[in-house]
Amino acid sequence: MPPVTGKKSFCLINSRDDEEAICIALTIGRLRNSGDVFLLARKSDLCYQIFLSMLEIKNKIEKHQYIKVAEFRKDIRRTAPHKHNSYMEFIFLTKGGGVHFIDEVAYQVVPPVLFIVRKEQVHHWELEGEPEGYVLIIKKPYIDNSLDSALKYLVSGVNAHPYIPLHFSHNLSSIFALLLLEWKQEEARPFQSEAMEGLLKTLLAKILQEVPTERSKHIGSTDTFQRFEALLSETGTLRNRVAYYAEQLNTTPQNLNAVCRRTVGQSATAVLAGHILGEAKRLLRYTDMSLGEIAGRLDFGDNSHFIKYFKRHAGITPNVFRQRI
């Protein structure tokens, strides 16, 4: 594990006695709200599970919302370790200092900087000085429901990096401000969703321009995942088989699955399903192709298989989806 710096206290469990002592302390709540992070040895899976089960799960977005933009709270200094309720969070800071812990890794807060916290990750802050910046929250359905494959690619590209040091923050601040202004509109306006999605794509593209090329070259899993996404973005050639893409990437289905889980917290099958469903929706919405033609284009053996697949992932049949357009 990489070394972690900062004021955090650490406990490395090496023996069964240590493990039992920590489990007892966790169980009775003595360490529940402490700032301690446990770097657990292999024997300590039980402790880690107890620790995770006691973490606070924060929900900063309404149930009916799929995206939210807000200014970063200026009163935040130190927070307890917590997870998020099924959403990813992009945190852009232009002022402040201290340390941001994501899982077991500590990142120095040196603005301007962007942090990306995936939904399964544990994080907390130890900030110094008054922070300034923005927070962007995105739920998975927002990305899944988009008919723009470029948005999915951009999100996955940014999501592959836990933090991105920035050099030109003025443009990003302006885009975040426009996103916030658009999001805060109390009454729906014509093309509001298109404006939001356009600004989001611009923001993500500008962020990726700040990622050093050399850095990406040394992240094997990120490179593999981005090549996987690039193949999936070739919408005219989608194949409903993970093994096909593993072969194209000169790897195994098992390794591709592991890469996807490390990068975005999903299996390769789930990533592939997101693209197939998105392309199916585009074809249903924008073409007169029959279900048989769509099934064939998306590498399904027959209509019934495609219909069952679509309903399992979308909750409705293709015909119902098309009727609702």
Side-chain angles (χ1 to χ4, degrees), residues 61 63-67 85-88 118-120 138-157 159 193-194 196-197 200-201 224-249 251-261 263-325:
I61 185 170
K63 185 177 181 180
H64 66 278
Q65 295 175 326
Y66 287 162
I67 187 170
N85 189 16
S86 300
Y87 57 79
M88 67 184 82
R118 300 197 306 269
K119 62 180 182 180
E120 78 277 7
I138 303 177
K139 290 182 179 177
K140 186 174 179 293
Y142 183 85
I143 307 301
D144 292 343
N145 293 339
S146 172
L147 300 178
D148 191 338
S149 60
L151 178 61
K152 296 179 174 65
Y153 180 79
L154 290 169
V155 169
S156 67
N159 201 29
S193 60
E194 288 81 1
M196 284 287 295
E197 191 165 305
L200 178 58
K201 285 177 59 180
T224 300
F225 180 77
Q226 290 183 342
R227 287 189 291 127
F228 180 37
E229 283 281 350
L231 288 173
L232 293 175
S233 296
E234 299 173 3
T235 54
T237 58
L238 277 173
R239 299 288 185 273
N240 188 21
R241 289 168 288 136
V242 170
Y244 167 84
Y245 290 101
E247 183 179 357
Q248 297 298 306
L249 297 168
T251 187
T252 64
Q254 294 79 8
N255 185 58
L256 181 57
N257 190 58
V259 165
C260 290
R261 289 196 179 281
T263 307
V264 293
Q266 291 182 292
S267 67
T269 300
V271 174
L272 174 58
H275 281 266
I276 289 177
L277 189 65
E279 180 64 3
K281 288 180 177 180
R282 281 187 288 272
L283 294 173
L284 289 166
R285 181 185 293 270
Y286 295 119
T287 76
D288 294 322
M289 293 175 65
S290 68
L291 295 188
E293 290 171 328
I294 295 175
R297 179 162 177 167
L298 297 178
D299 199 29
F300 288 90
D302 54 61
N303 287 13
S304 62
H305 185 198
F306 169 63
I307 292 171
K308 291 177 182 177
Y309 184 94
F310 189 97
K311 186 174 182 179
R312 181 167 71 250
H313 291 282
I316 56 176
T317 65
N319 278 330
V320 172
F321 176 84
R322 181 170 262 173
Q323 291 167 4
R324 290 181 179 178
I325 297 172

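Here, residue 1 is the first one in the sequence, and each next residue gets the next number.
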* To do: Would you check if V242 and N257 make a side-chain contact, meaning some heavy-atom pair closer than 4.5 Å?
  => no
* To the nearest 0.5 Å, how far apart are NZ in K152 and NE2 in H275? -> 7.0 Å
* Y244 versus L231: any side-chain heavy-atom pair under 4.5 Å? -> no
* To do: With the side chain counted from C-beta on, respond yes when V259 and L249 share a heavy-atom pair under 4.5 Å apart, and no when they do not.
  => no
* **F310 and T317, any side-chain heavy atoms less than 4.5 Å apart** => no
* Asked: Is any side-chain heavy atom of L291 less than 4.5 Å from a side-chain heavy atom of L284?
  -> yes
* Asked: Counting heavy atoms not belonging to E247, are there more than 12 under 6.0 Å from its CD?
  -> no
* Asked: Taking C-beta and beyond as the side chain, do R297 and L238 meet within less than 4.5 Å on heavy atoms?
  -> no
* Asked: Is the shortest heavy-atom distance from the side chain of L256 to the side chain of T224 under 4.5 Å?
  -> yes
* Asked: Hey, what do you get for CG (D299) to CZ (R241), rounding to the nearest 0.5 Å?
  -> 4.5 Å
* Asked: Who are the side chain to side chain contact (heavy atoms under 4.5 Å, CB included) partners of R324, not counting sequence neighbours?
  -> I316, V320
Under 3.5 Å, sequence neighbours excluded: what are the donor-acceptor pairs made by side chains of residues 264-273?
residue : atom : partner : partner atom : Å
S267    : OG   : A270    : N            : 3.1

* To do: Any chance you could lay out the side-chain contact (heavy atoms from CB on, under 4.5 Å) test for N240 and F306, step after step, and finish with the verdict?
  => CA-CA 10 Å; N240 188 21; F306 169 63; over 6 Å; no
* Side chain proximity check, M88 to V155, heavy atoms < 4.5 angstrom -> yes
* For the student: nearest non-hydrogen atoms of L283 and R322, plus distance -> O-NH2, 3.5 Å
* Asked: How long is the gap from CE on M289 to CG on L298, to the nearest 0.5 Å?
  -> 7.5 Å
* Quick one: closest heavy-atom pair of P253 and A246, and the distance? => N-CB, 3.5 Å
* Asked: Should the ring pair Y309 and H305 be called parallel, tilted or perpendicular, given that the plane angle runs from 0 to 90° and is split at 30 and 60?
  -> perpendicular
* **Heavy-atom closest contact (E197 atom, S146 atom, distance)** => OE2-OG, 3.0 Å
* Asked: If every non-hydrogen atom of I67 is compared with every non-hydrogen atom of M196, which pair is closest and at what distance?
  -> CD1-CE, 4.0 Å
* **Inter-residue atom distance R239.CZ - I276.CD1, 0.5 Å rounding** => 10.5 Å
* To do: Keeping the roles fixed (side chain from K139, backbone from Q65), state whether a donor-acceptor pair exists under 3.5 Å.
  => yes
* Nearest 0.5 Å, what's the CD1-CZ distance between I307 and R312? -> 13.0 Å
* Atom of L232, atom of Y245 and distance for their closest heavy-atom approach -> CD2-CZ, 3.6 Å
* Asked: Taking atom types as modelled, is there a side-chain donor on S304 or D302 under 3.5 Å from an acceptor on the other?
  -> yes
